[in-house]
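Everything on this sheet refers to the single structure shown next.
In listed order, ligands and their atoms are each counted from 1. Positions are given from 1, in the same order as the sequence printed here.
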Amino acid sequence: MDTLKIINEVKIEKLLHQGKNFKRAEIIEIINKGRRGKGLSLEEAAALLQLEDLDLMEDLYHAAREVKNTIYGKRIVVFAPLYTSNHCINNCLYCGFRVDNKHLHRKTLNIDEVVEEAKTIEEQGHKRILMVCGEDPRYTTITHIVESLKAVYDHTDIRRINVNAAPMSVEDFRTLKGAGIGTYQIFQETYHRDTYRQMHPSGLKKDYDYRLLAINRAFEAGIDDLGIGVLLGLYDYRFDVLATLMHAQYMDETLNVGPHTVSVPRLRPAIDAAIKETPYEVTDENFKKIIAVYRLTLPYTGIILSTREPSKLRDELFDLGVSQASAGSKTNPGGYHNEDHDAEQFETSDERSLKEVLKVICNQGHLPSFCTACYRAKRTGEVFMGLAKEAEIHEFCQSNAILTLKEHLLDFGDEELKEIGDQLIEKSLEEIENENIKELTKEKLKETEKGKRDLF
Ligand code: SAM
Ligand code: SF4
């Protein structure tokens with residue numbers, strides 16, 4: 001397949017160039033169009049990415065907040081990463097796991113250790129995991145990934161496992177689908193071919209096209225919840241964000257399903273990274289702009305925020321369009337049992353526990369959700385996107401968020417969290433407009449209080 005048809009660099013440059021010429025009134029019009037929650041064109045997104053006027057940025061943030069609240073309600077889905085291996089044959093200049101890093105303590109968890117890690121994550125109260133690993137065919141085989149998935153589903157109460165792993169063949173993706181993967185996530189890192197070549201000098205990851213087409217292979221294998229993103233800081237964010245949107249548009253038009261999620265990883269210091277400085281620094285203000293542009297352009301795509309970002313900024317971003325956030329994360333294999341900083345992929349920034357993060361989310365009036373219902377009710381891919389566009393599903397989502405938060409409060413909450421959480425549940429219940437769903441939720445809340453779990 002000609003991948004230039006997926007990511008057309010000349011067109012991206014042209015759109016960004018044209019994006020500089022929009023007048024203030026035109027930008028206001030684009031923001032107002034975005035506010036209606038029907039998405040934006042690449043031309044319009046390019047214009048917003050060129051925005052520097054702080055007043056207009058405030059308008060943009062406001063619109064992103066509105067779209068997030070209309071489409072997702074106040075829910076923020078929480079999860080934790082589980083690193084299974086830091087053995088890697090690639091040499092990504094920015095990553096602590098790269099093969100040339102001789103100081104890194106290497107470790108691949110055996111299946112029992114994977115389950116032990118998952119149990120510790122579960123004890124924090126999580127229901128959703130993102131499994132992450134390096135790329136080394138001697139250690140991270142498809143069998144290792146699949147056995148890890150099955151063992152965690154069998155031996156813990158974790159209900160959804162998403163995977164961020166190296167691109168694979170259609171056949172291996174099929175095996176992964178059979179093991180019950182949630183979302184398959186893969187970041188192109190940068191869509192800019194020259195920069196990609198410089199950043200990935202050796203190893204299997206050198207092949208830009210093989211990585212780009214992983215989404216098509218996964219889809220062919222039946223995985224239709226797919227997550228994309230770029231590593232912000234490697235190249236000009238305007239180019240890379242617009243390219244991500246171009247990739248999303250391609251997915252929508254060709255696969256009939258846009259990305260389920262877009263992640264916004266921003267480059268962090270890593271042990272012995274070959275690049276000591278961020279090549280294209282992304283300021284906090286521009287980071288906020290990126291999230292807002294994603295929110296307006298792809299209103300039905302989840303935006304995932306990791307603990308790479310500092311706590312104060314994260315708290316601000318919860319309000320700006322982010323719909324999923326990790327919390328209490330460790331980035332070394334075995335990290336939930338052993339704080340070995342010399343085995344980490346990169347330094348996390350928000351080091352707060354899940355409990356602390358939940359308190360902030362609740363105090364802001366957002367509704368933390370541990371819901372995994374859609375995936376288990378087979379509402380994925382095109383079906384999910386279709387439903388997401390209908391009003392009623394939001395009432396169910398709100399109901400599921402309330403029920404999973406209640407479970408969490410009962411099983412893991414301290415006094416303070418229980419108090420804030422219960423007040424939020426009362427308020428969130430009242431926001432459900434459909435009387436039937438409201439009554440059903442109240443009944444299920446009572447059953448949850450009596451000890452029933454996983455009602456959706
Ligand atoms: N090894 C597989 C790969 O590269 O696709 C999957 C897992 S890799 C550990 C997950 C992601 O971590 C990468 O796609 C990259 O975007 C991100 N990452 C790597 N180094 C980073 C750093 N120094 N700071 C922030 N994120 C980083
Ligand atoms: Fe390996 Fe992934 Fe790190 Fe690259 S980003 S060195 S492929 S773990």
Side-chain angles (χ1 to χ4, degrees), residues 81-102 104 106-108 130-142 144-145 148 162-168 172 176 181 183-191 195-196 198-208 210-215 218 226-235 237 240 244 261-282 287 304-310 326 329-333 335 341 343-350:
L82 193 170
Y83 279 70
T84 56
S85 173
N86 62 10
H87 282 100
C88 193
I89 54 160
N90 292 320
N91 216 349
C92 313
L93 299 188
Y94 44 83
C95 178
F97 292 176
R98 70 197 181 96
V99 67
D100 280 355
N101 182 356
K102 303 297 176 214
L104 189 85
R106 302 272 170 187
K107 169 96 183 148
T108 297
L130 171 65
M131 221 173 247
V132 188
C133 45
E135 178 169 20
D136 187 331
R138 291 165 303 175
Y139 294 93
T140 301
T141 57
I142 183 67
H144 188 267
I145 301 180
S148 300
N162 300 331
V163 174
N164 185 324
M168 45 191 102
D172 285 353
L176 201 53
I181 185 182
T183 306
Y184 172 66
Q185 240 183 38
I186 183 162
F187 308 149
Q188 189 63 24
E189 319 297 11
T190 171
Y191 286 93
T195 308
Y196 188 92
Q198 286 163 30
M199 291 293 158
H200 307 100
S202 62
L204 297 168
K205 193 162 166 181
K206 245 176 100 171
D207 191 339
Y208 176 106
Y210 185 72
R211 191 169 183 89
L212 186 65
L213 292 172
I215 290 290
L226 296 159
I228 60 173
V230 283
L231 182 54
L232 295 163
L234 294 185
Y235 187 59
Y237 74 88
D240 268 334
T244 309
T261 54
V262 170
S263 299
V264 285
R266 188 161 57 154
L267 195 59
R268 292 283 304 153
I271 324 164
D272 260 0
I275 44 169
K276 302 294 171 212
E277 311 233 314
T278 301
Y280 285 81
E281 194 69 56
V282 177
F287 191 61
I304 306 184
L305 181 67
S306 75
T307 55
R308 290 173 179 87
E309 300 307 327
S326 53
S329 305
K330 303 289 175 207
T331 68
N332 58 310
H341 292 297
E344 276 175 358
Q345 192 199 5
F346 52 83
E347 293 168 19
T348 54
S349 183
D350 183 350

Atoms of ligand 2 under 4.0 Å from any heavy atom of C88, numbered from 1 in the order shown, are 1 (Fe), 6 (S), 7 (S), 8 (S)
With a cut-off of 4.0 Å, which atoms of ligand 2 are near a heavy atom of R98?
6 (S)
Here's a test for you: under side chain to side chain contact (heavy atoms under 4.5 Å, CB included), which of V230, N164, L231 qualifies with P265?
L231
Residue and atom name of the nearest protein heavy atom (relative to atom 21 (C) of ligand 1), distance in Å to one decimal
F346 CD2, 3.9 Å
How close do P81 and S329 get, counting heavy atoms only, and between which atoms?
CD-OG, 3.1 Å
Which of the ligand 2 atoms, numbered from 1, are nearer than 4.0 Å to a heavy atom of C92
4 (Fe), 5 (S), 6 (S), 7 (S)
Expected output: side-chain Y184 to main-chain A165 donor-acceptor under 3.5 Å:
yes
Atom 25 (C) of ligand 1 [closest protein heavy-atom partner, distance rounded to 0.1 Å]
R308 NE, 3.0 Å
N86 side chain to G134 main-chain N or O, any donor-acceptor pair under 3.5 Å?
no
Give the residue and atom name of whichever protein heavy atom lies nearest to atom 7 (S) of ligand 2, and the separation in Å to one decimal.
N90 ND2, 3.3 Å
closest protein heavy atom to atom 3 (Fe) of ligand 2 is C95 SG, 2.4 Å
Short version for N164: what comes under 4.0 Å of ligand 1, heavy atoms counted, is both
Identity and separation of the nearest protein heavy atom to atom 24 (N) of ligand 1
R268 N, 3.0 Å
When you measure from the side chain of K205 to the backbone N and O of S202, does any donor-acceptor pair fall under 3.5 Å?
no
Specify side chain, backbone, both or neither for C133, according to which of its non-hydrogen atoms lie closer than 4.0 Å to ligand 1.
backbone
Under 3.5 Å, is there a donor-acceptor pair between the side chain of D350 and the main chain of E309?
no
Can you report which non-hydrogen protein atom sits closest to atom 5 (S) of ligand 2, along with the distance?
K205 NZ, 3.5 Å
For atom 19 (C) of ligand 1, grab the closest protein heavy atom and report residue, atom and distance to one decimal in Å.
Q345 NE2, 2.9 Å
Is a side-chain N or O of N90 found less than 3.5 angstrom from the main chain of E135, in a donor-acceptor match?
no
Which ligand 2 atoms does G134 reach within 4.0 Å, using its non-hydrogen atoms?
8 (S)
Ligand 1 contact on R211 by region, counting heavy-atom pairs under 4.0 Å:
side chain
Under 4.0 Å between heavy atoms, the region of Y94 that gets near ligand 1 turns out to be both
Contact check: E189 vs ligand 1, nitrogen or oxygen atoms, below 3.5 angstrom
yes
R211 side-chain N/O to K206 backbone N/O, donor-acceptor pair under 3.5 Å
no
